[in-house]
Enquirer: 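Pasting a structure below so you can have a look.
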Amino acid sequence: MAKFLTKRSENYSQWYNDLVLKADLAENSAVRGSMVIKPYGYSIWEKIQRQLDDMFKETGHENAYFPLFIPKSFFSKEASHVEGFAKECAVVTHYRLKNDPDGKGIVVDENAKLEEELIVRPTSETIIWDTYRKWIQSYRDLPLLINQWANVVRWEMRTRLFLRTAEFLWQEGHTAHATEQEAIAEARTILDVYSTFVEEWMAIPVHKGRKSANERFAGALDTYCIEALMQDGKALQAGTSHFLGQNFAKAFDVKFLSKDNKLEYVWATSWGVSTRLMGALIMTHSDDNGLVLPPRLAPVQVVIVPIYRNDEQFEAISRKANEIVKKLRSMGIRVRYDNRDTHKPGFKFAEHEMKGVPVRLAIGPRDLENNTVELARRDTLEKEFLQMEGLETKIEHLLEVIQKNLFQKALDFREANTHYVDTWEEFKEVIEKKGGFAVAYWDGTSETEEKIKEETKATIRFIPLEENTEEGRCIYSGKPATQKVFFAKAY
RNA sequence: CGGGAUGUAGCGCAGCCAGGCAGCGCGCUUCGUUCGGGACGAAGAGGUCGCGAGUUCGAAUCUCGCCAUCCCGACCA
């Protein structure tokens with residue numbers, strides 16, 4: 001392991017790349033644009049999955065699994081959907097290899113060409129709606145509330161670990177409803193699930209909002225999002241929930257008989273969060289010493305490092321440490337006693353710091369004499385000596401304090417980097433120099449959004465859900481405007 | 001797909017201009033001393049110099065071709 005991380009102030013994206021590698025979260029693979037998620041990184045993803053999955057179940061959803069491959073013809077059934085994804089699809093054209101007649105390795109067997117080519121799913125709306133047609137006949141079959149955990153592939157030009165990879169892991173919910181209102185309510189319910197999860201578990205403050213037409217999901221009538229602000233002042237979309245109207249129902253002919261015996265198209269939603277959340281987690285909390293994890297998602301919440309010169313000391317310290325481990329475990333706290341004899345304490349300190357373990361305890365000979373322990377907080381880097389007495393209760397409380405502190409720090413940062421602007425000059429100043437959100441009136445047209453993007457690279461990250469009551473003038477065109485929206489450069 | 005760069009030990013790199021034993025740092029192995037913030041010493045292991053042609057007595061080094069990767073743009077969760 002190399003010793004030092006690039007400093008955020010020197011090169012933020014280099015810092016991010018270094019951190020992902022050095023905290024042992026993931027690495028690039030032999031396949032361009034596709035990453036290997038390493039055990040430590042994956043265990044954080046598992047925590048995310050576990051909690052979200054519980055929350056989906058609590059809101060009435062069930063898991064299912066749909067195929068990786070989608071017939072090409074399905075794709076072309078919903079016009080804007082094709083347009084949105086066509087440019088980044090991996091396509092399966094053959095189903096067999098053979099030995100190269102020239103003796104060099106293996107080649108594609110040209111005789112094994114598929115009659116209909118298969119698309120590796122970039123998202124599953126089409127295959128799922130083709131299936132739902134068979135499942136839905138009556139209003140009694142509705143609502144249909146399904147989620148799947150899956151991998152998807154989008155052939156991206158430029159990739160970054162977790163933030164944008166050719167293949168990524170996610171969950172995608174796909175629901176069918178009898179009425180428009182119910183579908184919209186579903187999309188909003190999930191938006192709430194997402195924001196609750198991201199704020200309470202990941203300790204990342206998010207704005208809930210609606211996407212502009214330009215940023216909307218291909219095939220959706222309305223796209224809701226949760227949007228977070230990263231430490232470098234760029235915004236990151238952390239999750240989306242779409243109201244799809246009847247677009248997919250019409251494209252795939254999914255109809256039901258209503259109570260009053262009328263044949264109607266169903267109303268749909270889809271929603272997802274991906275391993276991109278890992279990127280958000282890293283970029284929200286971490287510092288120049290490495291990863292900082294909120295306790296609720298930390299695979300290891302407390303690590304105990306023994307300091308000793310000889311076997312007798314090691315054994316005495318281990319007895320003490322194991323007592324602490326036992327008590328903490330019984331309280332449901334994830335604790336590890338790092339008794340590796342192959343590494344020195346200093347090395348372990350640095351390693352656990354790099355990997356973001358929220359609380360570190362060090363126990364040495366002096367602590368045994370004094371009946372104390374050294375406790376170090378990862379979020380503040382503060383150290384203090386504590387009496388053994390009542391230690392476990394203090395740690396339990398401290399973990400909650402850290403969780404809240406991380407959220408508050410991120411929230412303070414976001415507030416400090418949200419600028420309400422009234423003139424185009426101020427707007428450019430914020431986007432080009434300060435970073436963060438620029439909140440301004442917008443005339444509601446795509447043309448204006450496009451021009452702002454061309455001139456500043458900033459896009460509308462979201463339109464607040466609350467209706468704005470005051471009238472204003474568009475920051476760019478000067479035309480009358482009713483919507484104040486959040487602009488930022490984005491990941 | 002446009003612009004720029006790079007391929008030499010597990011990782012990071014020097015050597016190439018001016019052809020002549022394959023090097024350095026980190027990591028790895030063994031032994032000893034260490035252990036309260038990334039230990040030290042000694043001894044070791046580890047190479048198709050991206051691939052293929054060519055020039056030459058001799059190529060990591062020169063020439064040609066190919067391949068791959070990275071960075072910057074256009075596209076995107």
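Residue numbering restarts at 1 for every chain, and letters A, B, ... go by the order of the sequence lines. Small disclaimer: the values here were computed from a predicted structure and weren't measured.
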Enquirer: Taking only the side-chain heavy atoms of A:Arg32 (C-beta and beyond), determine which of B:rC35, B:rU69, B:rG37 contains the nearest atom.
Expert: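 Nearest to the side-chain atoms of A:Arg32, counting from C-beta on, is B:rU69.
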
Enquirer: Measuring only the P atom in each nucleotide, how far is B:rC49 from B:rU29? A whole number of Å is fine.
Expert: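 Pairwise P distance, B:rC49 against B:rU29, rounds to 26 Å.
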
Enquirer: Apply ring pair (Phe, Tyr, Trp, His ring centres under 6.0 Å) to A:His174 and list each qualifying residue two or more places apart in sequence or on a separate chain.
Expert: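 Per chain and number, A:His174 pairs via ring pair (Phe, Tyr, Trp, His ring centres under 6.0 Å) with no residue.
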
Enquirer: Test of understanding: with salt bridge (Lys or Arg N to Asp or Glu O under 4.0 Å), list the residues that count as partners of A:Arg154, not counting sequence neighbours.
Expert: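 Here no residue qualifies.
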
Enquirer: How far does the P atom of B:rC57 sit from the matching atom of B:rG41, given to the nearest Å?
Expert: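 It works out to 48 Å between them.
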
Enquirer: Quick one: salt bridge (Lys or Arg N to Asp or Glu O under 4.0 Å) partners of A:Arg461, sequence neighbours excluded?
Expert: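 Salt bridge (Lys or Arg N to Asp or Glu O under 4.0 Å) check on A:Arg461 returns A:Glu215, A:Glu227.
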
Enquirer: Among B:rG38, B:rA77, B:rG36, which nucleotide has an atom closest to any side-chain atom of A:Pro365?
Expert: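 Selected nucleotide: B:rG36.
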
Enquirer: Can you work out whether A:Val31 or A:Glu215 has the more 5'-proximal nearest nucleotide on RNA chain B?
Expert: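 Upstream on the strand: A:Val31.
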
Enquirer: Applying salt bridge (Lys or Arg N to Asp or Glu O under 4.0 Å), can you list everything that pairs with A:Asp54, at least two apart in sequence or on another chain?
Expert: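 In terms of salt bridge (Lys or Arg N to Asp or Glu O under 4.0 Å), with neighbours along the sequence ignored, A:Asp54 is linked to no residue.
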
Enquirer: Contact class for A:Phe168 vs. all strands (heavy atom < 4.0 Å): base, sugar-phosphate, or nothing?
Expert: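 Base, at least one base heavy atom under 4.0 Å.
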
Enquirer: Identify which nucleotide among B:rG38, B:rG37, B:rA39 has an atom closest to any side-chain atom of A:Lys344, counting heavy atoms from C-beta outward.
Expert: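 The listed nucleotide nearest to A:Lys344's side chain is B:rA39.
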
Enquirer: Quick one: which residue pairs count as a side-chain hydrogen bond (donor to acceptor under 3.5 Å, both in side chains) with a foot in residues 355-372 of chain A, not counting sequence neighbours?
Expert: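 For residues 355-372 of chain A: A:Asp367-A:Thr372.
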
Enquirer: Within the 4.0 Å heavy-atom criterion, would you say A:Lys87 contacts the bases, only the backbone, or no part of the nucleic acid?
Expert: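 Since no nucleic acid heavy atom lies under 4.0 Å of A:Lys87, the category is nothing.
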
Enquirer: Among the nucleotides B:rG36, B:rG37, B:rG38, which one has an atom lying closest to any side-chain atom of A:Glu353?
Expert: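 So the side chain of A:Glu353 is nearest to B:rG37.
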
Enquirer: Not counting sequence neighbours, which residues clear salt bridge (Lys or Arg N to Asp or Glu O under 4.0 Å) with A:Lys208? List them please.
Expert: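 Salt bridge (Lys or Arg N to Asp or Glu O under 4.0 Å) check on A:Lys208 returns A:Asp192.
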
Enquirer: Using a 4.0 Å heavy-atom cut-off across all strands, classify A:Ser274 as base, sugar-phosphate, or nothing.
Expert: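 Result for A:Ser274 = base.
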
Enquirer: How far does the C1' atom of B:rA18 sit from the matching atom of B:rC51, given to the nearest Å?
Expert: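 27 Å, rounded to whole Å.
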
Enquirer: Below 4.0 angstrom, which residues in residues 221-238 of chain A have at least one non-hydrogen atom near RNA chain B?
Expert: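 Nucleic-acid contacts, sorted: A:Gln237.
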
Enquirer: Only pairs with both distances under 3.5 Å count, Watson-Crick or wobble alike; so what is the partner of B:rC40 in this structure?
Expert: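 B:rC40 is paired with B:rG32.
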
Enquirer: By a strict heavy-atom criterion of less than 4.0 Å, which residues belonging to residues 303-311 of chain A are in contact with RNA chain B?
Expert: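 Under 4.0 Å from RNA chain B: A:Ile307, A:Tyr308, A:Arg309.
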
Enquirer: Could you work out, with ring pair (Phe, Tyr, Trp, His ring centres under 6.0 Å) as the rule, every residue matching A:Phe56, not counting sequence neighbours?
Expert: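 Scan of A:Phe56 (ring pair (Phe, Tyr, Trp, His ring centres under 6.0 Å), adjacent residues dropped) gives A:Trp271.
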
